**Student:** 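First the structure, which I've put down as structure tokens, then a few questions once you've had a look.
Everything quoted here is computed from the prediction, not taken from an experiment.
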Amino acid sequence: LYRRLSTLQDDADIEGFAAELIDRFGPVPPEVEQLLGVMAIKTLCRRANIEKVEAGPKGIVVVFRGKAFANPDGLVRYVAERGTFAKVRQDMSVVFIGDYEKPTQRLRETRRLLRDLVAIAERKAVASPPPVKLAPTPPPKPPVPPALPPARQPFRPAAPFGRGRR
């Protein structure tokens with residue numbers, strides 16, 4: 001069962017698997033429901049090119065594999081729409097701020113967020129080349145010091161002293 005669970009591709013597959021478990025073994029315990037939720041998150045991560053997701057009581061952090069996302073413009077719009085509740089870190093991970101005290105809330109909100117990211121990634125991936133690397137903004141160049149004035153030539157008299165014009 002675990003091997004089959006690891007090959008599921010989307011929410012419909014996972015729901016079908018859950019229905020099969022219920023048919024074979026009766027009502028599933030909360031631990032199995034949580035396992036199915038985690039597997040759903042894993043399938044969404046694969047589809048959105050996400051390497052790591054961390055969900056805690058204060059928010060969700062998403063790290064993209066190879067710092068690449070299939071639709072960077074869509075991601076930027078998505079983050080901008082969230083205002084102060086989302087930001088991109090220097091390491092190109094994205095932080096979504098929220099209040100998720102209970103583990104069930106974290107699981108539910110992580111799944112919702114990843115569904116949004118999959119939709120954004122797949123919308124662009126249909127009509128575009130491979131993912132574009134998200135590169136950090138290069139640091140500003142240091143200011144160039146002002147040019148020095150041309151060097152002054154030492155004073156040289158036109159004729160040696162003692163010789164005058166005659």
Side-chain angles (χ1 to χ4, degrees), residues 1-140:
L1 290 175
Y2 284 111
R3 182 176 297 153
R4 186 157 155 245
L5 183 60
S6 69
T7 63
L8 302 178
Q9 297 294 317
D10 57 24
D11 284 342
D13 291 345
I14 292 172
E15 287 174 16
F17 186 79
E20 184 181 327
L21 288 176
I22 292 169
D23 287 346
R24 290 173 78 180
F25 305 108
V28 295
E31 295 84 3
V32 173
E33 286 181 17
Q34 186 170 357
L35 174 65
L36 293 173
V38 170
M39 291 311 295
I41 288 172
K42 281 186 159 193
T43 61
L44 292 167
C45 285
R46 273 188 237 124
R47 291 171 58 194
N49 195 40
I50 294 172
E51 181 177 316
K52 181 167 86 171
V53 176
E54 294 177 1
K58 294 187 178 185
I60 301 167
V61 179
V62 177
V63 179
F64 297 101
R65 184 171 284 108
K67 298 181 182 176
F69 188 70
N71 183 357
D73 294 334
L75 179 63
V76 168
R77 270 192 306 278
Y78 187 75
V79 169
E81 288 170 3
R82 267 121 203 90
T84 59
F85 294 103
K87 61 183 175 180
V88 179
R89 290 182 177 168
Q90 287 233 282
D91 64 355
M92 301 316 295
S93 60
V94 184
V95 179
F96 296 93
I97 300 167
D99 186 23
Y100 314 122
E101 286 300 318
K102 297 179 183 176
T104 54
Q105 284 179 302
R106 292 179 208 147
L107 200 61
R108 185 179 59 246
E109 288 302 312
T110 301
R111 202 167 170 182
R112 183 197 55 76
L113 172 67
L114 295 179
R115 281 186 189 131
D116 290 350
L117 294 176
V118 165
I120 293 167
E122 290 179 349
R123 196 173 351 193
K124 182 67 175 190
V126 171
S128 73
V132 176
K133 283 228 178 221
L134 300 173
T137 309

**Student:** Over all heavy atoms of both residues, which pair between Y100 and I97 is shortest? Give the atoms and the distance, please.
**Tutor:** OH-O, 4.4 Å

**Student:** Can you pull out every salt bridge (Lys or Arg N to Asp or Glu O under 4.0 Å) where at least one residue sits in residues 75-93? Sequence neighbours excluded, please.
**Tutor:** none

**Student:** Do P27 and I22 make a side-chain contact, defined as non-hydrogen atoms from C-beta onward lying under 4.5 Å apart?
**Tutor:** no

**Student:** Indicate yes or no: at least one non-hydrogen side-chain atom of V61 is less than 4.5 angstrom from one of V53.
**Tutor:** no

**Student:** Using atom types as modelled and distance alone, determine if a side-chain donor or acceptor of N49 lies under 3.5 Å from a backbone N or O of F69.
**Tutor:** no

**Student:** Do N71 and L75 touch side chain to side chain, with heavy atoms closer than 4.5 Å?
**Tutor:** no

**Student:** Which pairs pass salt bridge (Lys or Arg N to Asp or Glu O under 4.0 Å) with one or both residues in residues 29-46, sequence neighbours excluded?
**Tutor:** none

**Student:** Restricting to pairs with a member in residues 13-25, which pass salt bridge (Lys or Arg N to Asp or Glu O under 4.0 Å), not counting sequence neighbours?
**Tutor:** R4-E20, E20-R24

**Student:** Between V63 and I50, is any pair of side-chain heavy atoms under 4.5 Å apart?
**Tutor:** no

**Student:** Can you list every salt bridge (Lys or Arg N to Asp or Glu O under 4.0 Å) pair that touches residues 98-110, not counting sequence neighbours?
**Tutor:** E109-R112

**Student:** I want to check something: taking the side chain as every heavy atom from C-beta on, are L21 and V32 in contact at a cut-off of under 4.5 Å?
**Tutor:** yes

**Student:** Report the residues that fulfil side-chain contact (heavy atoms from CB on, under 4.5 Å) with L35, sequence neighbours left out, ordered by chain and then residue number.
**Tutor:** Y2, L5, M39

**Student:** Can you find a pair of side-chain heavy atoms, one from L117 and one from L114, that are under 4.5 Å apart?
**Tutor:** yes

**Student:** Got a sec, which residues hit side-chain contact (heavy atoms from CB on, under 4.5 Å) with A40, two or more places apart in sequence or on another chain?
**Tutor:** D11, I14, R111

**Student:** By side chain to side chain donor-acceptor pair (under 3.5 Å), which residues pair with K58, not counting sequence neighbours?
**Tutor:** none

**Student:** Using side-chain contact (heavy atoms from CB on, under 4.5 Å) as the criterion, list what pairs up with L107, not counting sequence neighbours.
**Tutor:** Q34, V38, I41

**Student:** Hey, does I60 have a side-chain heavy atom less than 4.5 Å from the side chain of E54?
**Tutor:** no

**Student:** How close do A48 and V118 get, counting heavy atoms only, and between which atoms?
**Tutor:** CB-CG2, 3.8 Å

**Student:** May I have the step-by-step check of side-chain contact (heavy atoms from CB on, under 4.5 Å) for F85 and V79, ending in yes or no?
**Tutor:** CA-CA 8 Å; F85 294 103; V79 169; over 6 Å; no

**Student:** Minimum heavy-atom separation for A70 to A121, with atom names?
**Tutor:** CB-O, 3.7 Å

